[in-house]
There are 2 protein chains.
Amino acid sequence: MPSGCRNVCGVNQKTIQPAAARATRPLPTLEDLARAAGVSRSTASRAINGGSRVSPEAQAAVDAAILELGYTPNRAARTLVTRRAGSVALVIPEPDARVMMDPYFAAVVTGVNQALRDTDLQLVLLMSRTGDDSSRTLRYLGGGHVDGAIVVSHHRSDDWVETLGSTGVPTVFIGRPWDRKSELPFVDVDNFEGGRLAARHLAGLGRTHLGTVAGPSDMTAAVDRLEGWRQGLKEAGLPPGPVAYGDFTTAGGADAAKSLLARSPELDGVFAASDLMALGVVDLVRSMKRRVPEDIAVVGFDNRAILAANGLGLTTVAHPMTDMAAAAAQLLIGAIGNPGQQLEPVIYPAELVVRGSTAG
Amino acid sequence: MPSGCRNVCGVNQKTIQPAAARATRPLPTLEDLARAAGVSRSTASRAINGGSRVSPEAQAAVDAAILELGYTPNRAARTLVTRRAGSVALVIPEPDARVMMDPYFAAVVTGVNQALRDTDLQLVLLMSRTGDDSSRTLRYLGGGHVDGAIVVSHHRSDDWVETLGSTGVPTVFIGRPWDRKSELPFVDVDNFEGGRLAARHLAGLGRTHLGTVAGPSDMTAAVDRLEGWRQGLKEAGLPPGPVAYGDFTTAGGADAAKSLLARSPELDGVFAASDLMALGVVDLVRSMKRRVPEDIAVVGFDNRAILAANGLGLTTVAHPMTDMAAAAAQLLIGAIGNPGQQLEPVIYPAELVVRGSTAG
DNA sequence: TTCCCGGATGGGAGCGCTCCCACCATCCGA
DNA sequence: TCGGATGGTGGGAGCGCTCCCATCCGGGAA
């Protein structure tokens with residue numbers, strides 16, 4: 001395979017053998033269907049696509065023929081003429097597999113799939129891996145291969161995300177994207193309010209020495225939660241308190257808590273920007289022979305069902321990821337149907353779920 | 001939308017507006033490309049598809065034009081004539097979202113994507129949800145919409161899985177499918193040997209009262225691990241020992257361990273069929289004021305990196321899920337290239353990773 | 001009766017691509 | 001000198017579908 005255009009998306013296809021004519025008998029075409037039903041191609045087509053102007057008899061004949069022949073419309077042919085790909089991309093702009101390991105991702109896939117259920121849209125997974133791949137991804141998205149895209153914008157967006165808007169491909173973000181100006185539509189939970197609620201809750205318990213384990217500062221969610229937290233402290237008349245940064249993992253949460261307690265041994269309340277980190281905080285606190293919640297109350301973020309059950313009930317901020325992903329997909333479906341229309345961001349209200357880790 | 005054919009896959013497309021002619025200028029076609037390069041459509045096509053019989057000048061001209069025009073081949077048109085969809089399905093025959101939450105799934109997606117990286121194949125996610133959906137899924141797979149399928153066969157397969165073989169769509173399973181006769185190709189770790197290794201390892205430490213927390217008996221992996229475990233015990237001259245069943249989760253592992261210890265308080269070694277369950281076992285053992293590994297040695301299965309780090313080093317059987325998924329994808333790619341050829345199962349050797357939970 | 005109108009139908013064109021085949025050079029061995 | 005390989009090229013057909021248009025048929029108004 002020669003020269004020059006290696007990065008051009010899809011141009012160089014890896015030469016897979018011409019697929020020695022799969023031994024199966026050919027699939028029935030619309031023509032076959034029409035013949036079996038005793039109608040014309042056009043009528044069959046109309047019957048299939050929501051039958052306006054089709055007599056009941058013709059409709060019935062076509063329906064029967066579909067069942068008899070096991071007919072499935074050829075998606076490629078349909079796409080070719082309608083210019084609708086019949087699929088949406090889930091873009092994961094993460095160079096490595098880290099995001100994947102995050103159950104957040106699983107929730108997103110579940111939610112999106114849920115919304116796509118009674119659509120004929122298929123979900124195509126697009127992971128942009130190393131650097132130059134982003135242009136390839138962009139090209140793919142812009143090349144009419146999908147009808148829309150959902151971007152899980154976990155990290156500070158690479159430049160290409162902004163470019164996405166100009167390709168004309170309907171796009172919805174899950175999690176507020178960094179680029180605020182361009183008004184890209186997104187779905188998110190009210191991270192700011194979540195942080196604020198955590199602060200108010202801890203303050204309301206009479207805790208006065210509050211610290212937080214924030215998430216990575218290249219994620220909007222982390223930044224917003226931290227801002228809200230600070231705002232909440234201010235409103236409660238409390239000092240800003242110490243901040244340590246974690247990477248949303250349990251281990252990271254424990255490390256951050258360690259540094260937090262080293263700096264401020266008098267701490268009696270901690271807000272961790274994710275449940276996993278909160279778990280790390282709890283572990284560390286206990287390993288230092290201090291009790292949760294008696295000595296240190298802990299609030300998490302995400303309300304992940306699995307974690308709530310581990311003996312310790314974790315007070316946390318609800319983050320209905322699956323629902324949000326479904327909403328994003330819904331939004332996208334709407335955008336595909338009526339292009340041009342300006343989409344409003346959807347922001348889920350933050351809601352505190354009080355459990356044992358702050359009881360008392 | 002009338003009558004009769006509601007379950008026919010893709011036949012009734014939800015009527016999304018005819019997409020008011022997306023405001024973008026039309027994408028360049030091969031014709032445009034050829035004109036820009038000063039060659040014929042045929043030559044341009046040849047240049048794009050791995051340029052045999054194309055002069056260097058023509059090739060260069062086409063390459064330049066591709067860059068200039070930002071040309072991307074229209075996948076639908078290509079598919080229509082080549083009968084290659086340019087995508088493979090990852091089938092998750094799970095009615096609910098449970099599998100998704102399993103990091104196993106994330107590993108699979110990562111691995112598959114890795115293998116697909118330098119192919120022009122896209123990954124399409126297919127979750128068969130409720131009952132009648134399975135026929136819909138089957139129809140989709142058989143309808144030429146994808147070139148192949150990877151089935152994550154976590155549970156005892158529904159009938160439709162066997163039918164898959166007869167559709168002529170190349171299929172590879174991850175995890176041995178139940179249906180042994182049909183000789184479906186699969187990739188798996190040597191579960192039997194893994195169980196056996198665990199037994200031998202514990203026996204080798206001088207532990208004589210051994211029990212196991214097995215996985216759900218509707219999964220081949222669980223069954224095979226249990227069989228291997230029993231074989232290992234027999235070879236070591238030990239009695240079969242108690243068995244409790246868990247659901248591969250931490251909580252399930254703890255529950256099972258509780259019943260195990262209730263029945264056999266003298267236990268000094270436990271093999272749990274997954275790391276998560278092993279973690280539950282460790283938790284429970286400790287909560288009963290017994291020590292790991294001094295009082296009870298614990299062996300897990302999966303070697304999940306995240307868990308290895310939680311203070312306790314868990315002895316476990318390696319289970320390279322990502323690699324296995326990549327291998328499955330590789331196998332599938334091969335099968336797509338040369339249909340007809342009989343594929344051999346790929347079985348990764350089991351390997352024991354010894355850590356603190358059995359040290360001593 | 002004649003005319004028209006609207007619902008139902010069938011045929012043709014064409015979406016963008018790959019493949020087959022015909023064509024034209026050029027170069028070689030006879 | 002001429003035949004037949006050979007390498008490069010271009011045009012035509014056609015993949016299976018949807019859309020546009022022309023056609024047809026029946027019933028109510030003129």
Side-chain angles (χ1 to χ4, degrees), chain A residues 2 10-11 13 15-22 26-62 66 69 71-86 120 143-145, chain B residues 2 10-11 13 15-19 21-22 26-35 37-62 66 69 71-86 120 143-145:
Chain A
V11 165
Q13 47 176 350
T15 28
I16 287 178
Q17 307 291 337
R22 194 182 289 167
L27 296 163
T29 75
L30 183 58
E31 196 79 52
D32 301 329
L33 181 70
R35 203 175 312 119
V39 298
S40 74
R41 219 175 53 242
S42 309
T43 304
S45 175
R46 275 187 292 263
I48 285 167
N49 296 301
S52 65
R53 314 214 150 188
V54 178
S55 68
E57 305 84 58
Q59 180 75 52
V62 171
I66 287 174
L69 268 61
Y71 172 77
T72 313
N74 181 313
R75 194 181 213 87
R78 184 180 266 176
T79 297
L80 188 56
V81 45
T82 59
R83 276 131 199 304
R84 293 218 320 106
D120 69 333
H145 298 295
Chain B
V11 165
Q13 47 176 349
T15 28
I16 287 177
Q17 307 291 338
R22 194 181 289 168
L27 296 162
T29 74
L30 182 60
E31 196 79 53
D32 301 329
L33 182 70
R35 202 175 313 117
V39 298
S40 74
R41 219 177 51 242
S42 308
T43 304
S45 176
R46 276 187 292 261
I48 285 168
N49 297 301
S52 64
R53 315 213 149 192
V54 178
S55 67
E57 305 84 59
Q59 180 74 52
V62 172
I66 287 174
L69 268 60
Y71 172 76
T72 313
N74 181 314
R75 195 181 212 85
R78 184 179 266 177
T79 296
L80 189 55
V81 46
T82 59
R83 279 136 196 302
R84 293 218 320 106
D120 69 334
H145 297 295

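In what follows, every chain begins at residue 1, and chains take the letters A, B, ... in the order their sequences are listed. Values in this document were obtained by computation on a predicted structure and should not be read as measured data.
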Report the distance from atom CZ of A:Arg75 to atom OG1 of B:Thr79, rounding to the nearest 0.5 Å. 11.0 Å

Within the pair B:Arg53 and D:dG8, is there a side-chain N or O less than 4.0 Å away from OP1 or OP2? no

Please round to the nearest 0.5 Å and tell me the distance separating atom NE2 of A:His145 and atom CG of B:Leu27. 8.5 Å

Look up atom OG1 in B:Thr29 and atom CG in B:Leu69, then write down how far apart they are to the nearest 0.5 Å. 9.0 Å

Would you say B:Asn74 places a side-chain N or O within less than 4.0 Å of OP1 or OP2 belonging to C:dC15? no

Counting only side-chain nitrogens and oxygens, does A:Tyr71 get under 4.0 Å of the OP1 or OP2 atom of D:dC17? yes

Ignoring backbone atoms, test whether A:Ser45 places a side-chain nitrogen or oxygen under 4.0 Å from the OP1 or OP2 oxygen of D:dC17. no

For A:Thr43, all residues meeting side-chain hydrogen bond (donor to acceptor under 3.5 Å, both in side chains), sequence neighbours excluded: A:Ser40

Terminal axes of the helix from C:dT1-D:dA30 to C:dC27-D:dG4 (5 end pairs apiece), angle rounded to 10 degrees, sit apart by 60°

Any side-chain heavy atom of B:Ile48 within less than 4.5 Å of one from B:Ile66? yes

Could you tell me whether the side chain of A:Arg78 and the main chain of A:Pro73 form a donor-acceptor pair under 3.5 Å? no

Counting side-chain heavy atoms from C-beta on, which of C:dT18, D:dC19, D:dG16 comes nearest to B:Val81? C:dT18

Closest approach of B:Ala34 to B:Arg41 (non-hydrogen atoms, all atoms of both residues): CB-N, 3.7 Å

For C:dG16, take OP1 and OP2 only and decide whether either is under 4.0 Å from a side-chain N or O of A:Arg83. yes

Between atom CD1 in B:Ile48 and atom P in C:dT18, what is the gap in whole Å? 6 Å

Treating primed atoms plus P, OP1 and OP2 as sugar-phosphate and everything else as base, which nucleotides of nucleotides 21-28 of chain C get B, S or - for protein heavy atoms under 4.0 Å? --------

Would you jot down, in residue-number order, the residues of residues 32-41 of chain A having a non-hydrogen atom under 4.0 Å from DNA chain D? A:Arg41

Rounded to whole Å, CZ of B:Arg78 lies from P of D:dG16 at a distance of 18 Å

Can you sort out the partners of A:Glu57 under side chain to side chain contact (heavy atoms under 4.5 Å, CB included), two or more places apart, ordered by chain and number? A:Ser55

What is the distance from CG of A:Asn49 to P of C:dA8, rounded to the nearest Å? 17 Å

List in chain and number order the residues that pass side chain to side chain contact (heavy atoms under 4.5 Å, CB included) with A:Ala37, two or more places apart in sequence or in another chain; answer none if no residue qualifies. A:Val39, A:Ala61, A:Val62, A:Ala65

Separation of C:dT18 atom C1' from B:Asp120 atom CG, nearest Å, is 14 Å

Please state whether the phosphate of C:dC15, meaning OP1 or OP2, lies under 4.0 angstrom from any side-chain nitrogen or oxygen of A:Thr79. no

Winner on side-chain proximity to B:Leu80, out of C:dG10, C:dG16, D:dT18, is C:dG16

Applying a 4.0 Å non-hydrogen cut-off, can you work out what A:Ala76 is touching in the nucleic acid: base, sugar-phosphate, or nothing? nothing

For B:Thr29, answer base if it contacts any base atom (sugar-phosphate contacts may also be present), sugar-phosphate if it contacts only those atoms, and nothing otherwise; contact means non-hydrogen atoms under 4.0 Å. sugar-phosphate

For a quick check, tell me whether the side chain of B:Thr43 and the base of D:dG10 share a donor-acceptor pair closer than 3.5 Å. no

